[in-house]
Amino acid sequence: MTSLLDSATQNLDRNGYLDLDVDPTLDLVEEINRLKKEKNAVILAHYYQESEIQDIADYIGDSLGLSQQAAATEADIIVFAGVHFMAETAKMLSPSKKVLLPDLKAGCSLADSCPPHLFRKFKEKYPDHVVVSYINCTAELKTLTDICCTSTNAVQIIESIPEDRKIIFAPDKNLGAYLEKKTGREMVIWNGACMVHEIFSHERIVKLKNRHPNAKFIAHPECEAHILEMADYIGSTTGLLKYTIHDPATEFIVATEAGILHQMEKASPNKTFIPAPPNNNCACNDCPHMKRNTMEKLYLCMKYELPEIILPEWVIKEGVASIDRMLEISAKAGLVSK
Ligand code: 13P
Ligand code: SF4
């Protein structure tokens, strides 16, 4: 007879997570902390995770900080509270460690917008170009990439490439356009985008700014150009958080995924943070992929050590060089995302 665990394991591919009931009387915070110690596991969480997950993580950060942590950790198990490409990056950087993701279907619209087989054909048209890919892409895309970048180090990465070399930038067209403007380098840009950062309404932000004339408007570079043009500050999630801590303003309108507001409110309890409005009435600035992870799924994945990120050896070998190059350039530029 198959046990509940056996059938949940068999259904992992279909469900993306272990679909098992969790005793509702369990203290999940206590249980997760116990499992962390027992298994020498570290929980790395992105700022877009739900607040409870952020509060139990050993490290919360942006994509650069998370990859720096994944490369340096001495834990035996990395539990990645984030999305699939982030957990893949951790596996590529620490291939001997077990990397767990609470829900394998926590994907990314931006990574999905650049299928490797299509990108390979696209790249063939520009054989003399250096390929820079935003880290929000699949492990396989990283095998077709010369240097990765994140929103924290993208300017420095582009500037590290000699002026006479031409560049392909993938997969985010909005970050690509922002980088062209910032660095003055023309690039061949893949036509991808993030579903969360494309949803902000120019008109509704203008109205909100009029109602809050003293509020600073801050935005992530994955937003469209017409949104970025209005911004007082543009930066990665860590950049945005730091800006709200150090800027004297007491009100901020924030154009990125709403999960970051948790750390902003914790760091500056006397300041007000308003999520930038999307172009309809849904809660679209919640990333549906990031929010697939829950405390229950986190607990189950730590208890049973499933689902695990497994990558073919050739993908790790050929893909990690682009991440290593990014980390080297970041270290040289003194970019440590904390
Ligand atoms: P950063 O946290 O690196 O700014 O990235 C934002 C993002 O969209 C991650 O999915
Ligand atoms: Fe991908 Fe956008 Fe979600 Fe980040 S916020 S994981 S870029 S879909």
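For the numbers below, each heavy atom of this structure counts, side chains included, while hydrogens, waters and symmetry mates do not. Ligands are counted one by one from 1 in listed order, and the atoms in each one are counted from 1 as well. All residue numbers refer to positions in the sequence shown, counting from 1.
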Which is it for Y48 and H289 under the side chain to side chain contact (heavy atoms under 4.5 Å, CB included) test, yes or no, and what are the steps along the way?
-> CA-CA 10 Å; Y48 296 164; H289 306 290; over 6 Å; no
H212 versus E251, side-chain donor and acceptor atoms under 3.5 Å = yes
Give the residue and atom name of whichever protein heavy atom lies nearest to atom 10 (O) of ligand 1, and the separation in Å to one decimal.
-> N136 ND2, 3.4 Å
Checking only N/O/S atoms, does C108 have one that is under 2.8 Å from atom 1 (Fe) of ligand 2?
-> yes
for atom 7 (S) of ligand 2, nearest protein heavy atom and its distance come out as N136 ND2, 3.2 Å
How about F119 and W190: are their ring centroids closer than 6.0 Å?
-> yes
Would you mind checking which non-hydrogen protein atom is closest to atom 8 (O) of ligand 1, with the distance to 0.1 Å?
-> E222 OE2, 3.0 Å
Where do D103 and H84 land on the side-chain hydrogen bond (donor to acceptor under 3.5 Å, both in side chains) test, with the steps shown first?
-> CA-CA 8 Å; D103 188 328; H84 199 266; over 6 Å; no
Is H46 in contact with ligand 2, taking contact as a heavy-atom separation below 4.0 Å?
-> no
Side chains of D172 and H197: donor-acceptor distance under 3.5 Å anywhere?
-> no
N/O of H220 under 3.5 Å from N/O of ligand 1, yes or no?
-> yes
Examine T150 against ligand 1 and note whether any of their N/O atoms are separated by less than 3.5 Å.
-> no
Are side-chain N/O atoms of T145 and S322 paired as donor and acceptor at under 3.5 Å?
-> no
For atom 3 (Fe) of ligand 2, the protein heavy atom that lies nearest, with its residue and separation = C287 SG, 2.4 Å
In ligand 1, the atoms that come under 4.0 Å of a heavy atom of M86 are 9 (C), 10 (O)
Heteroatom proximity flag, Y47 to ligand 1, N/O under 3.5 Å = no
Is there a donor-acceptor contact under 3.5 Å linking the side chains of E222 and Y178?
-> no
State the atoms of ligand 1, each with its element, that fall below the 4.0 Å cut-off from a heavy-atom position in Y134.
-> 5 (O)
Does ligand 1 have an atom under 4.0 Å from some heavy atom of M290?
-> yes
Tell me, please: is S151 in heavy-atom contact with ligand 1, that is, under 4.0 Å?
-> yes
Residue and atom name of the nearest protein heavy atom (relative to atom 3 (O) of ligand 1), distance in Å to one decimal | S63 OG, 2.8 Å
Just do the side-chain hydrogen bond (donor to acceptor under 3.5 Å, both in side chains) check on T73 and Y59 with the steps written out, would you?
-> CA-CA 11 Å; T73 185; Y59 175 83; over 6 Å; no
For E305 and K39, what are the C-alpha separation, side-chain angles and deciding distance, and is it a salt bridge (Lys or Arg N to Asp or Glu O under 4.0 Å)?
-> CA-CA 10 Å; E305 300 183 18; K39 298 182 182 229; 2.9 Å; yes
If you scan protein heavy atoms around atom 2 (Fe) of ligand 2, the nearest is C194 SG, 2.3 Å
Do we see a donor-acceptor contact under 3.5 Å between the side chains of N293 and E50?
-> no
In ligand 2, which numbered atoms sit nearer than 4.0 Å to a non-hydrogen atom of E222?
-> 7 (S)
A student checking ligand 1 against S236 at a 4.0 Å heavy-atom cut-off should list atoms 4 (O)
Validation row: T294, Y17 side chains within 4.5 angstrom (heavy atoms) | no
